[in-house]
Protein chains: 2
Amino acid sequence: MNDFLTEMEFVGLTSRLKRLSDSLLYSTKELYKSEGLDIEPNWNLIFILLQENETMTITEISETLQFSHPAVVKIINKMKKNGHVETRTDTKDKRKQILTLTEKAHKQLPVFEKYWTAGRQTVMDLLADSPNFLEEFLKIEEKVNQSDYKERTLNNLKNDEPSY
Amino acid sequence: MNDFLTEMEFVGLTSRLKRLSDSLLYSTKELYKSEGLDIEPNWNLIFILLQENETMTITEISETLQFSHPAVVKIINKMKKNGHVETRTDTKDKRKQILTLTEKAHKQLPVFEKYWTAGRQTVMDLLADSPNFLEEFLKIEEKVNQSDYKERTLNNLKNDEPSY
DNA sequence: TTTAATTAAGTAACTGGTTACGAAAATGTA
DNA sequence: TACATTTTCGTAACCAGTTACTTAATTAAA
C-alpha cells in the first residue's frame, strides 16, 4: 500500500481511523443508493432500537447511541420525511416527543434486514484476520472514555517537561 | 460502559469507529485551542510533508495523504491565512501550485513539535494494552482497499440468496 | 498544427456529525 | 405559591470531509 499515514505509525492513527470510518460510511450510502433503498447508514440502529422498545424519545436515543441530541433530531427528521418514523407529543410531559416506527417501516423491515445481515457479514469478513480487533478496540474506547486525548496529552506535556 | 453499539457487535462497528475518530478530532481541536496554538488537527501531517520535501503541490499532498484534493485545498487555504504556508505558481506548469512552509512556520515548529510528541505519546498510551491493534487495523484497511464495503456486501447478498 | 484528451486546482453544494444558544415544560425549593 | 433550576427539544452556525462540476494548462494524436 505504501501509505504515508501508516509509516507515521502513532501520528497517523487518528487520520487512518477517520479514513476507514469515512470509507465505510460513503460505501454504505452508495450501496443503499445503488439498490434504490431510501434509507441511510445509522438508520438501522434506530430501527433496531424502535423495534425493541416500541417507543422512545429523542433524548433516550441520543443517550443510547451516545450521539448528541441534535444529531438524533436530524436523523429522525429525515426518517419522518421518508415516512419511517412518526412522532407525537407525550401527554404527561409535553416536552417529550414519542417516536414510533410507521406501518411503512414495519412492512419494509424484512427487506432492510436482508441488507443489514449482508452488511454484518461484511464486517465479519473484514475482521476475519483480526481476531483481537474488537476486544482491543474496546479497550481503547474505554481508555478514551476514562480520560480523553486532550487530558492525556496535557499530562504528557507536563511529565515530559525537563525538570531543571 | 454498557454500550448499545458494543452490544450490537458487528453492526455497531462503523459507528464506533466514527465515534472514536470524532472524539480524537474534537479533543485535539480543544487541546490546541486551550493552549492558544493557532493550528488544527491534521496540519501536523502537512507540516511534516513540507519539512521532508521542501515543496509539494496540492495533488501530491492529496495523493500522499489519500485525501480528496478539495480537502487539501481547504486545509492549505487555512494554513495560508494563518501564515504557515506560501504558494507560488509553477513556472514550468502553470496549473500547479508550489507549496512551501513560511519563515513563521519554521520558527514555530519546535513549539508544535512538543505537542505532537506528547500526542504521539498519548496514542502509544492508548494502544498500550492493545498490542495487536495496529497490525490488525492495517489488515482491515488493506481488505477494504482491495474490495470495499459496498462490493463485499453486494457479494454477500448474492451468495446468501436461497437457491431454489 | 489543430484538435481532443488529460491533468491540476478551485468552487459549490452536500453530509453527518459537533457545540452553543434559546424556548417551553417540568421539577425543586424558599 | 412563586421563583429558580433542570430537562427536553429545536435551531443555527460550524467543521472536516465528500462528490460533482468548471476552468485553465498541458499533452497526445489526427
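Naming convention: chains lettered A, B, ... in sequence-line order (proteins, then strands); numbering from 1 in each chain. Keep in mind that the numbers below use all heavy atoms, side chains included, and drop hydrogens, waters and symmetry copies.
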| Quick one: is dG17(C) close enough that its OP1 or OP2 comes under 4.0 Å of any side-chain N or O from Asn42(A)? | yes
| In whole angstroms, how far is the C1' atom of dG16(C) from the CH2 atom of Trp43(A)? | 12 Å
| note | Quick note, Arg95(B) side chain, CB onward, closest among dG16(C), dA16(D), dT6(C) is dT6(C)
| task | To the nearest 0.5 Å, tell me how far Lys29(A) NZ sits from Asn42(A) CG. | result | 10.0 Å
| task | Give the rounded distance in Å between these two atoms: CD of Glu30(A) and P of dT19(D). | result | 8 Å
| Of the nucleotides dA9(C), dA16(D), dG17(D), which has the atom closest to the Ala71(B) side chain? | dG17(D)
| query | Regarding Asn155(B) and Glu151(B), is there a side-chain donor-to-acceptor distance under 3.5 Å anywhere? | reply | no
| Selected nucleotide, minimal atom distance to Lys29(B) side chain, candidates dC9(D), dA16(D), dA25(C) | dA16(D)
| task | Can you label the angle between the Phe133(B) ring and the Phe137(A) ring as parallel, tilted or perpendicular, going by 30° and 60°? | result | parallel
| note | Side-chain atoms of Val73(B) come closest, of dA8(C), dG17(D), dT11(C), to dT11(C)
| request: Determine the sole option in Gln97(B), Lys96(B), Lys94(B) for which the side-chain hydrogen bond (donor to acceptor under 3.5 Å, both in side chains) test with Thr89(B) is passed. | output: Gln97(B)
| Same apolar cluster: Met8(A) and Leu25(B), side chain cutoff 4.5 Å | no
| Among dG17(D), dC9(D), dA9(C), which nucleotide sits nearest the side chain of Gln97(A)? | dC9(D)
| said: In whole Å, I'd like the distance from the CD1 atom of Ile61(A) to the P atom of dC9(D). | reply: 10 Å
| Hey, does Lys33(B) reach any base, or is it just sugar-phosphate, or nothing, if we go heavy atoms under 4.0 Å? | nothing
| said: Reading DNA chain D from 5' onward, which residue's closest nucleotide shows up sooner: Pro41(B) or Lys92(B)? | reply: Pro41(B)
| field | Donor-acceptor pair under 3.5 Å, Lys18(B) side chain vs dG16(C) base | value | no
| Distance, rounded to the nearest Å, where Asn77(B) contributes CG and dA12(C) contributes C1' | 14 Å
| d(OH, Tyr32(B); P, dC15(D)) in whole Å | 16 Å
| field | Val72(B) or Tyr26(B), whichever maps to the more 5' nucleotide of DNA chain D | value | Tyr26(B)
| query | Is the phosphate of dA16(D), meaning OP1 or OP2, less than 4.0 Å from a side-chain N or O of Lys78(B)? | reply | yes
| Between dG10(C) atom C1' and Ile75(B) atom CD1, what is the distance in whole Å? | 15 Å
| task | Report yes if the ring of His69(A) lies under 5.5 Å from the six-membered base ring of dT8(D) with planes under 30°, and no otherwise. | result | no
| task | Could you check Thr91(A) against Thr59(B) and say which one's nearest nucleotide on DNA chain C is further toward the 5' end? | result | Thr59(B)
| query | Can any side-chain N or O of Asp148(B) pair as donor or acceptor with the backbone N or O of Lys150(B) at less than 3.5 Å? | reply | yes
| field | Atom-pair distance (CD on Glu63(A); C1' on dC9(D)), nearest Å | value | 13 Å
| message | Any base atoms under 4.0 Å from Pro70(A), or only sugar-phosphate, or nothing? Heavy atoms, all strands. | response | base
| said: Just the rounded figure in Å: distance from P of dC15(D) to CD1 of Ile39(B). | reply: 16 Å
| request: Please work out if Ser68(A) contacts a base, only the sugar-phosphate, or nothing of the nucleic acid, heavy-atom cut-off 4.0 Å. | output: base
| Relative to the 5' end of DNA chain C, which residue comes earlier, Asp93(A) or Lys74(A), by the nucleotide with the nearest heavy atom? | Lys74(A)
